[in-house]
Amino acid sequence: MISDLWYKNAVVYCLSVESFMDSDGDGVGDFRGLTRRLDYLHGLGVTAIWLMPFQASPGRDDGYDVSNYYDVDPRYGTLGDFVEFTHGCKQRGMRVLIDLVVNHTSNEHPWFKSARADPKSPYRDWYVWSKKKPAGADQGMVFPGVQKTTWTYDEKAKAYYFHRFYDFQPDLNTSNPEVQAELLRIMGFWIQLGVCGFRMDAVPFVIAEKGPDVGPKPKSQFQMLRDFREFLQWRKGDSVILGEANILPKEALQYFGDDGDRIQMMFNFWANQRLFLALATGDARPLAKALEETKPGYPTAQWGLFLRNHDELDLGRLTDDERAAVFAAFGPDKEMQLYDRGIRRRLAPMLKADRRLMELAYSLMFTLPGTPVLRYGDEIGMGDDLSLPERHCARTPMQWSAEKNGGFSNGAKTYLPAISGGGFGFETVNVAQQRRDPNSFLNWIERVIRMRHEVPEIGWGEMSLIPVRDKAILALRYDWRGAAVVVIHNLDPEPREVAFRSGADGDGDVRLVDLLGGEHSDPGPDGRHRFAIEGYGYRWFRAGGLDEAMRRKDV
Ligand code: GLC
């Protein structure tokens with residue numbers, strides 16, 4: 001029964017259609033190209049694809065400024081191509097999540113055009129206006145340093161409009177029942193075309209009260225999340241919402257709802273920032289603490305775990321000293337940093353392409369409590385182009401081969417240049433080359449994903465921290481249906497000796513069978529496991545035996 005929750009043991013891969021595969025040589029990726037690459041994703045072990053926005057858009061924020069929610073941007077193809085794509089996914093057993101960007105529209109959306117042109121427009125109240133410049137107008141910008149204000153005067157409307165993000169992204173008045181009804185209509189439309197759910201953009205802002213008199217801490221209207229979820233589950237029982245919300249753990253748990261009646265999934269930004277802190281300092285304790293703090297209270301709730309995404313690595317929820325430590329390790333130059341809070345680089349260059357560190361980072365992502373979300377290109381260790389502005393540096397074309405434009409397009413010019421030359425250029429870092437090399441990062445990732453599927457304890461089980469004395473060691477145990485998995489990570493570059501009891505409550509220590517290698521561990525006479533683990537090492541074990549999970553009792 002409850003095993004129907006597909007997202008609990010999924011492997012999600014996020015990509016933008018623009019950057020994946022260009023089928024017609026115009027230099028921009030498209031749905032036809034992406035559809036041809038589905039076997040690649042399927043072969044990697046991906047079970048769900050998350051698409052960044054592909055709806056009609058002026059493209060001033062890479063599609064996060066939608067001008068028509070009911071159409072595919074012509075640069076990427078047609079609705080017909082989209083349905084062929086979702087059908088192709090279905091045939092391979094992969095699900096599709098799409099970005100739902102409804103906190104704001106583009107200022108070129110017909111709703112906004114109508115709203116600003118006429119105070120009597122039926123769309124006037126779909127946006128948020130003020131006659132006078134509100135007191136807090138110069139606070140709460142999401143892109144500090146680039147965005148100057150959150151209220152901009154519109155000559156046509158003769159009023160200020162609210163925009164949490166850039167000024168070309170006016171906020172929708174999401175409290176308006178008509179707007180809410182429209183949001184459901186948008187979801188209903190895409191659900192009908194074959195998607196299985198949404199990555200909801202900027203959720204805290206979608207559900208926040210908005211208006212000139214709202215102070216710096218607007219109230220959240222949680223009922224909206226419940227309404228969205230209810231609607232979706234009526235339309236398509238297995239559809240989910242994955243929320244983007246970089247908030248405090250206490251608040252985040254409210255998004256799941258006390259009875260798990262709000263959204264099913266949330267990105268764990270809290271743990272993400274502490275994961276990078278742990279990698280930077282070799283101290284696993286802040287990460288362990290974050291895992292305790294973000295334990296969801298309800299079994300259907302699930303975290304999405306990621307290393308890098310399409311935005312900057314946001315470190316805004318660390319202390320100044322902690323952030324400085326991560327900057328020093330992974331983004332020391334000003335040009336690598338963004339919005340006074342984050343690092344805009346791709347993962348591989350951040351980790352200096354150190355294979356040990358990259359494996360450690362991914363092993364953590366695949367074994368922390370939740371559902372792993374990979375970013376396109378990170379499976380081959382793609383780099384970034386810091387000469388590009390803001391977040392564009394990490395949105396370059398997928399590197400398929402050593403051919404022209406990295407095999408992404410045979411056009412004369414691409415939407416952004418493929419990374420060429422140096423340690424990360426497509427000439428050396430590409431799928432074709434890594435496919436041929438059994439020891440490549442791509443083949444390592446594929447093996448790890450295969451194993452992750454076979455360890456459902458992680459996605460489904462109850463996580464507990466195993467007490468260890470060494471601060472460099474993170475030791476986790478998962479229990480599910482009578483089977484248990486133990487994962488050990490060494491955050492330090494030097495080898496360590498680890499000693500622990502694997503039993504959750506100290507009893508019944510058994511053989512730990514190494515799932516990725518052959519280094520099994522038997523408890524010593526004192527009942528403790530004791531072994532050496534190499535610098536940045538990781539071990540995935542099943543307690544009792546390899547096939548313990550196969551023999552587990554179904555409950
Ligand atoms: C989210 C997206 C980001 C976008 C912003 C505005 O934070 O992840 O890429 O710019 O919302 O929609």
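Owing to the predicted nature of the structure, the values given are computational and were not obtained by experimental measurement. Note that ligands are numbered from 1 as they come in the structure, with each ligand's atoms numbered from 1 the same way.
Here is the list of ligand 1 atoms found below 4.0 Å of a heavy atom in His104: 6 (C), 12 (O).
With sequence neighbours excluded, no residue forms a salt bridge (Lys or Arg N to Asp or Glu O under 4.0 Å) with Asp333. Judged as a salt bridge (Lys or Arg N to Asp or Glu O under 4.0 Å), and not counting sequence neighbours, Asp65 has no contacts.
Residue, atom and distance of the protein heavy atom nearest to atom 8 (O) of ligand 1 are Asp311 OD2, 2.5 Å. Given atom 4 (C) of ligand 1, the protein heavy atom at minimum distance is Asp61 OD2, 3.5 Å. Summary of contacts: the protein heavy atom closest to atom 1 (C) of ligand 1 is Asp201 OD1, 2.7 Å. Nearest to atom 5 (C) of ligand 1 among the protein's heavy atoms is Phe165 CE2, 3.6 Å. Looking from atom 7 (O) of ligand 1 to the surrounding protein, the closest heavy atom is Glu244 OE2, 3.1 Å.
Between the side chains of Tyr40 and Glu379, a donor-acceptor pair is found at a separation under 3.5 Å.
Ion pairing between a basic and an acidic side chain is recognised when a charged N comes within 4.0 Å of a carboxylate O; Arg375 and Asp378 show no such pairing. Ion pairing between Lys156 and Asp154 fails under the 4.0 Å rule for side-chain N and carboxylate O.
Ligand 1 lies within reach of Phe143, whose nearest heavy atom is under 4.0 Å from it. Within the 4.0 Å heavy-atom shell around ligand 1 one finds Arg391.
Within the 4.0 Å heavy-atom criterion, the part of Arg199 lying near ligand 1 is the side chain and not the backbone.
Aromatic rings from Phe112 and Phe168 are positioned such that their centres are separated by 6.0 Å or more.
Remark: side-chain polar atoms of Asp30 are paired, donor with acceptor, to backbone N or O of Ser23 under 3.5 angstrom.
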